[in-house]
Structure formats: structure tokens, C-alpha cells
Participant: 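Take this structure first; my questions come after.
As the structure lists them, so they are numbered: ligands from 1, and atoms in each ligand from 1.
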Amino acid sequence: MQVLHDYHGPIPGSDRSIMTIGTYDGIHHGHRRIISEVVSRCHDSGLSSVVVSFDRHPLSVLRPEAAPLMLTGAQQKAELIQALGVDYLYLLTFDQRRSLQSARDFVYDVVVNGVRAKEVHVGSNFRFGHQRQGDVEFLAEVGTLEDFEVYAAGLSKVSEVLGENHRDADKAISSTLVRKMVTAAELQDASALLHRFHSVRGVVVGGDQRGSGELGFPTANLEIPANMAVPLDGVYAGTLRPLSGQRSHLAAISIGTRPTFYPSGGPRLIESFVLDYNGNLYGEEVEVAFVEFLRPQIAYESSDELIAQIHLDVAAVRDKLTLQ
Ligand SMILES: Cc1cc2nc3c(=O)[nH]c(=O)nc-3n(C[C@H](O)[C@H](O)[C@H](O)COP(=O)(O)O)c2cc1C
Ligand SMILES: Nc1ncnc2c1ncn2[C@@H]1O[C@H](COP(=O)(O)OP(=O)(O)OP(=O)(O)O)[C@@H](O)[C@H]1O
């Protein structure tokens, strides 16, 4: 897959393309359906597949105070789109200028002159352009004039993945809904909607050295990235993968402020005790994936009580994740 940044001009190597547009944070079940449809129609027609997306969430420019915590960083989103077999990711800088662009100018700039689309696939709720004025009907009107077809897919509902009895069965799957599930630690539901375990990437930083010393459980510490969705404070079964390698390791993960040692609150961290591992992870970029909530954070009376509990946590991780 080739990544084009604010590319002006025809997509290289192809006359016309089949495209989709959206924020595409998380690449959830509904997103996958649309992107896979684009890829499959390209296989049939020999055209190139293009996902047009933004380099940041539009709300981070329009109303930063209302910007959501993200499910994917830019690199991970690109990797997930690539894994679906897409040829080109066309990333638009979402800045003040873009936010003021009318729906008509956006279609001509991106769909007609940029991608030279033959087909545009979106969900039926897709909106675009200044103040979200453009909708599927407007896109189709321009399509009639400019010779591209618009396919508006019905929205995939939660019931398709989580069954008719789920609390949110009737809702459309959306990034917003998955973000809520992640932050509420409803990880089984979130994983099913994402087709993967939610994860966060970061560089391992030094801690207080208490983990490797007094506790006997060294931890790879990540600062919580300011704009990423992270499950609520607690202890989790999950995995850690150094991005320099392919292998994931089982991990007992603690998210929180270490209340045993910082009663009035320390920095909030993601700390991973990696099972059966004694390498050095400092300075490495890693991906920590959250599989299952085990328990809340507890302020223990003594280190010994915490150590006894971490032994149980590690056993629980082994038990749950080696059976899956
Ligand atoms: C599996 C696991 C569970 C943990 N649970 C708690 C907890 O319930 N309460 C708490 O105060 N700290 C908890 N911690 C965090 C430890 O306090 C922390 O790892 C320790 O203070 C070492 O910090 P350091 O990495 O800065 O040296 C947990 C850590 C791990 C790995
Ligand atoms: N459940 C769904 N089923 C089918 N298509 C969807 C679904 N959700 C979103 N889409 C489509 O996927 C594209 C990207 O969606 P986008 O990321 O903008 O929306 P979203 O997932 O609903 O996120 P948010 O909750 O932030 O609005 C759009 O064309 C959108 O209409």
C-alpha cells in the first residue's frame, strides 16, 4: 500500500479508482465491511482501491475540547487498512482551511480531481464539507454530473456481531460506541467489534525501579498517550509486542496511579509485567493489547500484600490467555 499525503494529481498507475472516505478510527466491523467491498470490486474490475482519510480527527481542529480519545494512532490505522488489501491510503491534512471547504469544493478537490473516482463507497450516514453540509444525496448529484457512482451502504448494527440480546443491539456500530466500550473496560465487546484486541503504542520509559527491586515484578512502563482511548484503571490480562519484532508476549498489565505507593495519586501509567521475559525494553517502542479486565486497582497496606496479589494476577493471565 502506498500512502499519499495531500496528493494532487491522478493516482499513479491507474486511470480511475474505487474509493471510500471517512475518519476510520479503529477500523471496526462496519468500516471493514465498506473497505472490503471496495477492495473486492477492485479485484473484479482491475481498478485501484483508495481509502481517503484525515491525518487527525476533525474535531481536534474544530472543537479540541470535544475531540474524542482515539482507538488507533496514524501508523496503526495505516497498517490495518493495508492488511485489508487496499492499494492507496490518501491522507488529507485536516486543518482550518480544510474545515472551511464547502461540500462541493471538497468533492471536486478530492473525489473528482484528486482520486478521479469511478465509484465512491460510504456508509449511509456519511457527511462531509464545511459544517457537515454534504451528504450521500449531494455526493450522488455531483456523481451524475462527473461520471462517478455512489454506493451508500446500510449501517452494520451491533446485533450482527454481539447478538440481538446485547444492550446496544439496535445501535449502528461506530467508533464512538467502541471508544465507550474500551474506556469502560468492556473489552470482550470492543474486541468483537474491532476484530482484534484494542491496543496502545508507546516508548517504554523508566519507573521508580521498585518493580524490579522490592516487588520482584519488573514492569515496562508507558505514559498514557494524551489522545488515546485507554481502559479504566485496573489490572488486565493482555500482551506486549516490541514493534521491532513480530512476537507478542503474555503480560499482566496494570493501568493506574500505583495507589499503594502514591496515596494521593501519582502519574497514570500503563505498566506491563511481561511473563517469561528477561530482556531490556527501555527505549523500545511497544504495543500493549488489552484482552480482559481482571480486577480494580487496590491501595494495599503493604508491599507483601501487593506481591501476593500480583502472583495471583500472573497466574490468571496464564490461565486465561494460554487457553484462548
Ligand atoms: C499485575 C500488576 C498489578 C498491580 N496492581 C496494583 C495494585 O492493585 N495497586 C497498586 O498500588 N499498584 C499495583 N501495581 C503497580 C505496582 O505498584 C508497580 O508496578 C510498582 O510500584 C513498580 O513501579 P515502578 O515500575 O515505577 O518501579 C500492579 C502492577 C502489576 C504488574
Ligand atoms: N456501522 C457502519 N456500517 C457501515 N458503514 C459505516 C459504519 N460506521 C461507519 N461507516 C462508514 O464508514 C466510513 C467511515 O466512518 P467514520 O469513521 O467517519 O464513522 P464512525 O465509525 O461512525 O465514527 P464516529 O463514531 O466517530 O462518527 C463512513 O463512510 C461511514 O459512513
Participant: Any idea which atoms of ligand 2 are less than 4.0 Å away from a heavy-atom of I34?
Facilitator: 5 (N)

Participant: Quick test: of every protein heavy atom, which one is nearest to atom 9 (N) of ligand 1, and how far off is it to 0.1 Å?
Facilitator: I298 O, 2.7 Å

Participant: I need the nearest protein heavy-atom contact for atom 11 (C) of ligand 2: residue, atom name and distance, please.
Facilitator: G123 N, 3.7 Å

Participant: Report the nearest protein non-hydrogen atom to atom 26 (O) of ligand 1: residue, atom name, distance rounded to 0.1 Å.
Facilitator: R258 NH1, 2.4 Å

Participant: For atom 6 (C) of ligand 2, grab the closest protein heavy atom and report residue, atom and distance to one decimal in Å.
Facilitator: L155 CD2, 3.8 Å

Participant: Hey, does D313 come in under 3.5 Å of ligand 1, counting only N/O atoms on both sides?
Facilitator: no

Participant: Just going by heavy-atom distances, which of T23, I21, V136, T176 is nearest to atom 18 (O) of ligand 2?
Facilitator: T23

Participant: Nearest to atom 22 (C) of ligand 1, what protein heavy atom do you find, and at what distance?
Facilitator: G211 N, 3.4 Å

Participant: Is I253 close to ligand 1, meaning an N/O of one under 3.5 Å from an N/O of the other?
Facilitator: no

Participant: Of the options R56, R98, Q101, which is the one that meets L92 in a side-chain contact (heavy atoms from CB on, under 4.5 Å)?
Facilitator: R98

Participant: For atom 22 (O) of ligand 2, which of S174, A152, S156, A153 has the closest heavy atom?
Facilitator: S174

Participant: Taking only heavy atoms of V122, which atoms of ligand 2 are found under 4.0 Å from at least one of them?
Facilitator: 29 (O)

Participant: So, regarding R33 and ligand 2 (criterion: nitrogen or oxygen to nitrogen or oxygen, under 3.5 Å), is there a contact or not?
Facilitator: no

Participant: Identify the protein heavy atom lying closest to atom 25 (O) of ligand 1, giving its residue, its atom name and the separation to 0.1 Å.
Facilitator: T219 OG1, 2.9 Å

Participant: Could you tell me the residue and atom name of the protein heavy atom closest to atom 21 (O) of ligand 1, and the distance to it rounded to 0.1 Å?
Facilitator: R210 NH1, 2.8 Å

Participant: So if I count the atoms of ligand 1 from 1 in the order they appear, which ones are less than 4.0 Å from some heavy atom of N221?
Facilitator: 25 (O), 26 (O)

Participant: What protein heavy atom sits nearest atom 1 (C) of ligand 1, and how far away is it?
Facilitator: A252 CB, 3.6 Å

Participant: Would you call D25 and K77 a salt bridge, taking side-chain N to carboxylate O under 4.0 Å as the test?
Facilitator: no

Participant: Pick, from Q297, E214, Q309, the option with the minimum heavy-atom distance to atom 6 (C) of ligand 1.
Facilitator: Q297

Participant: So, regarding Y300 and ligand 1 (criterion: nitrogen or oxygen to nitrogen or oxygen, under 3.5 Å), is there a contact or not?
Facilitator: no

Participant: With a 4.0 Å cut-off on N to O distance, would you call E186 and R167 a salt bridge?
Facilitator: yes

Participant: Side chain, backbone, both or neither: which part of L269 comes within less than 4.0 Å of ligand 1 when only heavy atoms are counted?
Facilitator: neither

Participant: Of all the atoms in ligand 1, which lie at a distance below 4.0 Å from a heavy atom belonging to Q209?
Facilitator: 27 (O)

Participant: Could you measure the distance from the NE2 atom of H28 to the OG atom of S175? Nearest 0.5 Å is fine.
Facilitator: 4.0 Å

Participant: Are R41 and E119 close enough for a salt bridge, meaning some N to O gap below 4.0 Å?
Facilitator: yes

Participant: Evaluate the ring planes of H195 and H29, with Trp represented by its six-membered ring, and classify them as parallel (under 30°), tilted (30 to 60°) or perpendicular (over 60°).
Facilitator: tilted

Participant: Quick one: which of D233, L306, I307, V274 has a heavy atom closest to atom 16 (C) of ligand 1?
Facilitator: L306

Participant: Only heavy atoms of R179, strictly under 4.0 Å: list the atoms of ligand 2 that pass.
Facilitator: 26 (O)

Participant: Heavy-atom distances under 4.0 Å decide this one: backbone, side chain, both or neither, for S254 against ligand 1?
Facilitator: side chain

Participant: Which of the numbered atoms in ligand 1 are under 4.0 angstrom from any heavy atom belonging to F261?
Facilitator: 17 (O), 21 (O)

Participant: Going by side-chain contact (heavy atoms from CB on, under 4.5 Å), T239 matches just one of S272, S248, S199. Which one?
Facilitator: S248

Participant: List ligand 2 atoms under 4.0 Å from G22, heavy atoms only on the residue side.
Facilitator: 14 (C)

Participant: What part of T260 sits under 4.0 Å from ligand 1 if we count only heavy atoms: the side chain, the backbone, both or neither?
Facilitator: both

Participant: Tell me, which protein residue and heavy-atom name are nearest atom 10 (N) of ligand 2, and how many Å apart are they?
Facilitator: H31 CD2, 4.2 Å

Participant: Who's closest to atom 3 (C) of ligand 1 heavy-atom-wise, of H311, R295, E305?
Facilitator: R295

Participant: Is there a nitrogen or oxygen of L215 sitting under 3.5 Å from a nitrogen or oxygen of ligand 1?
Facilitator: no

Participant: Assess whether a salt bridge exists between D276 and R318, defined as any Lys/Arg side-chain N lying under 4.0 Å from an Asp/Glu carboxylate O.
Facilitator: yes

Participant: To the nearest 0.1 Å, how far is atom 23 (O) of ligand 2 from its closest protein heavy atom, and which atom is that?
Facilitator: S175 OG, 3.4 Å

Participant: Give the numbers and elements of all ligand 2 atoms closer than 4.0 Å to a heavy atom of N125.
Facilitator: 30 (C), 31 (O)

Participant: Starting from atom 1 (N) of ligand 2, find the nearest protein heavy-atom neighbour and note its residue, name and distance.
Facilitator: I173 O, 2.8 Å

Participant: Judged by modelled atom types alone, do Y108 and E146 share a side-chain donor-acceptor pair under 3.5 Å?
Facilitator: yes

Participant: Can you confirm whether the side chains of S244 and E284 place a donor and an acceptor under 3.5 Å from each other?
Facilitator: yes

Participant: Between F106 and H130 (judged by ring centroids, cut-off 6.0 Å), do the two rings come close enough to count as a pair?
Facilitator: no

Participant: Got a donor-acceptor contact below 3.5 angstrom from the E160 side chain to the K157 backbone?
Facilitator: yes

Participant: What protein heavy atom sits nearest atom 15 (C) of ligand 1, and how far away is it?
Facilitator: E271 OE2, 3.4 Å

Participant: Identify, for atom 17 (O) of ligand 2, the protein heavy atom at the shortest distance, and state residue, atom and that distance.
Facilitator: Y24 N, 2.9 Å

Participant: Between ligand 2 and S124, is the shortest N or O to N or O distance under 3.5 Å?
Facilitator: no

Participant: Between ligand 2 and H28, is the shortest N or O to N or O distance under 3.5 Å?
Facilitator: yes

